Amino acid sequence: MSSGTGKVVCVTGASGYIASWLVKFLLQRGYTVRATVRDTADPKKTLHLQALDGAKDRLHLFKASLLEEGTFDDAVAGCDCVFHTASPFYHNVKDPKAELLDPAVNGTLNVLRSCKKASIKRVIVTSSMAAVAYNGKPRTPDVVVDETWFSSAEVCEKNKQWYVLSKTLAEEAAWKYANDNGLEIITINPTMVIGPLLQPTLNTSTEAILKFINGSQA
């Protein structure tokens with residue numbers, strides 16, 4: 001297991017499902033973690049992080065909003081690398097642009113702009129399989145989905161797949177910004193992520209499993 005002793009990293013959207021586990025593992029490995037949340041005064045966003053082993057000495061919370069440019073500057077300054085996980089994930093969307101598209105795309109660009117200012121060497125962006133799988137091509141057992149695949153914005157819009165569109169446009173914007181500005185980024189494209197919750201609130205992926213368990217969804 002690699003040691004992060006003496007290294008400082010930032011995790012955006014740290015109260016979320018993936019990010020909370022990421023913070024836990026980074027602290028376990030000795031990293032100092034700067035964690036951004038929308039509201040540092042909200043115990044539902046922070047208490048489970050502050051309770052993690054190593055948090056007392058090596059976890060620092062920062063308030064940051066995806067839609068405010070410059071809001072991530074302080075959190076990423078001096079970091080060895082940044083994990084950008086903050087992105088909204090809902091199904092029942094009333095205003096796709098305000099609820100999903102703007103936070104995902106502009107939020108990613110705001111984080112990357114802050115990283116550029118701080119000369120961050122590497123940014124790991126949590127994208128989604130949503131960004132690669134929805135393009136109308138058949139996904140039969142013999143088909144390999146590889147790095148040449150991206151979801152089609154046209155297909156997403158036609159099918160009103162707003163979350164899928166948000167992740168597709170956000171990853172596209174991330175690669176373009178990184179290539180134009182000499183940033184090293186790595187994108188990961190997880191599918192549904194389930195398992196024990198660290199945060200006290202139910203997230204969208206786990207809610208889907210709960211619906212099978214309690215019979216509210218067949």
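Please read all numbers here as calculations on a predicted model, not as lab measurements.
Partners of Phe25 under the ring-ring contact (aromatic ring centres under 6.0 Å, His included) rule, at least two apart in sequence or in another chain, are Trp21. Among residues two or more places apart in sequence or in another chain, the ring-ring contact (aromatic ring centres under 6.0 Å, His included) test is passed with Tyr177 by none. The side chain to side chain contact (heavy atoms under 4.5 Å, CB included) search around Val155 returns Ser152, Asn159, Gln161, not counting sequence neighbours.
Here the side chains of Ile18 and Pro190 are in contact, with some heavy-atom distance below 4.5 Å. Contact of the Leu66 side chain with the Asn110 side chain is not registered, since no non-hydrogen atoms from C-beta on lie closer than 4.5 Å. Contact check for Phe89 versus Ser128: no side-chain heavy atoms found under the 4.5 Å cut-off. Side-chain contact between Thr126 and Ser87 is absent, with no heavy-atom pair separated by less than 4.5 Å. Using a 4.5 Å heavy-atom cutoff, the side chains of Leu100 and Pro88 are in contact. Residues Leu101 and Ser166 meet the side-chain proximity criterion, which asks for heavy atoms closer than 4.5 Å. Inter-residue side-chain proximity for Asn135 and Phe150 is flagged as unmet; no heavy-atom pair is nearer than 4.5 Å.
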Subject >> Trace of the side-chain contact (heavy atoms from CB on, under 4.5 Å) decision for Cys79 with Val9 >> reply: CA-CA 5 Å; Cys79 286; Val9 295; 5.6 Å; no
Subject >> Steps toward side-chain contact (heavy atoms from CB on, under 4.5 Å) verdict (Leu112, Asn181) >> reply: CA-CA 10 Å; Leu112 292 178; Asn181 291 278; over 6 Å; no
Original post:
What do the steps show when you test Ser205 against Asn203 for side-chain hydrogen bond (donor to acceptor under 3.5 Å, both in side chains), and what is the final call?
Top reply: CA-CA 6 Å; Ser205 288; Asn203 61 308; 4.5 Å; no
**OP:** Carefully, step by step, assess Trp175 and Val125 under the rule side-chain contact (heavy atoms from CB on, under 4.5 Å).
**Re:** CA-CA 10 Å; Trp175 282 115; Val125 177; over 6 Å; no
Subject >> Lys45 vs Leu61, side-chain contact (heavy atoms from CB on, under 4.5 Å): CA-CA, chis, key distance, verdict >> reply: CA-CA 10 Å; Lys45 304 272 184 207; Leu61 294 173; over 6 Å; no
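Nearest heavy atoms, Asn189 versus Ser127: ND2-OG, 3.4 Å. Residues Cys115 and Val123 come closest through the heavy atom pair SG-CG2, 3.8 Å. In terms of heavy atoms, Thr71 sits closest to Ala64 at OG1-CA, 3.3 Å. The heavy-atom pair separating Tyr31 from Ser3 by the smallest distance is OH-O, 4.5 Å. The two residues Gly13 and Thr85 come nearest to each other via the heavy atoms O-OG1, 3.7 Å. Across every non-hydrogen atom of Val105 and Ala173, the tightest pair is CG1-CB, 4.1 Å.
Within the model, atoms CG of Asp74 and CZ of Phe72 stand 11.5 Å from one another, a figure rounded to the nearest 0.5 Å. The line from OG1 of Thr187 to CD of Glu172 is 12.5 Å long, rounded to the nearest 0.5 Å. If you take CG on Leu47 and CG on Asp42, they are separated by 8.5 Å, rounding to the nearest 0.5 Å. Lys7 contributes atom NZ, which lies 11.5 Å from atom CG of Leu26 (distance to the nearest 0.5 angstrom). Note that the SG atom of Cys156 and the CH2 atom of Trp162 stand 9.0 Å from one another [nearest 0.5 Å].
A donor-acceptor pair is defined here as one N or O able to donate and one able to accept, closer than 3.5 Å; such a pair exists between the side chain of Ser20 and the backbone of Ala14. Looking only at distances, no side-chain donor or acceptor of Thr206 sits under 3.5 Å from a matching main-chain atom of Ile194. When atom types are taken as modelled, the side chain of Arg34 and the backbone of Ala77 share a donor-acceptor pair closer than 3.5 angstrom. Side chain of Ser151 to main chain of Tyr134: a donor-acceptor pair is present (N/O by atom type, distance under 3.5 Å, no hydrogens or angles). Looking at Thr12, its side chain does come within 3.5 Å of a backbone N or O of Ala86 through a donor-acceptor pair. The backbone N or O of Leu67 sits nowhere less than 3.5 Å from a side-chain atom of Asn106 that would complete a donor-acceptor pair.
A single hydrophobic cluster is seen to contain both Val23 and Ile124, as judged by linkage of ILVMFWY side chains at heavy-atom distances under 4.5 Å, directly or through other members. There is a path of hydrophobic side-chain contacts, each under 4.5 Å, that joins Ile120 to Leu109. Tyr17 and Val37 fall into different hydrophobic clusters, where Ile, Leu, Val, Met, Phe, Trp and Tyr side chains are chained together by heavy-atom contacts under 4.5 Å. Under the 4.5 Å side-chain heavy-atom criterion for grouping Ile, Leu, Val, Met, Phe, Trp and Tyr, Val144 is not connected to Trp149 through any hydrophobic cluster. Linking Ile, Leu, Val, Met, Phe, Trp and Tyr whenever their side-chain heavy atoms come within less than 4.5 Å puts Val132 and Val143 in one cluster.
Residue pairs that meet the salt bridge (charged side-chain N to carboxylate O under 4.0 Å, His left out) test with at least one member in residues 148-171, sequence neighbours left out, do not exist here. Applying the salt bridge (charged side-chain N to carboxylate O under 4.0 Å, His left out) definition to pairs two or more places apart or across chains, none involves residues 50-65. Within the structure, salt bridge (charged side-chain N to carboxylate O under 4.0 Å, His left out) contacts touching residues 118-140 (residues at least two apart or in different chains) are Arg122-Glu184.
No option in Leu49, Leu22, Leu59 other than Leu59 meets the side chain to side chain contact (heavy atoms under 4.5 Å, CB included) test with Val33.
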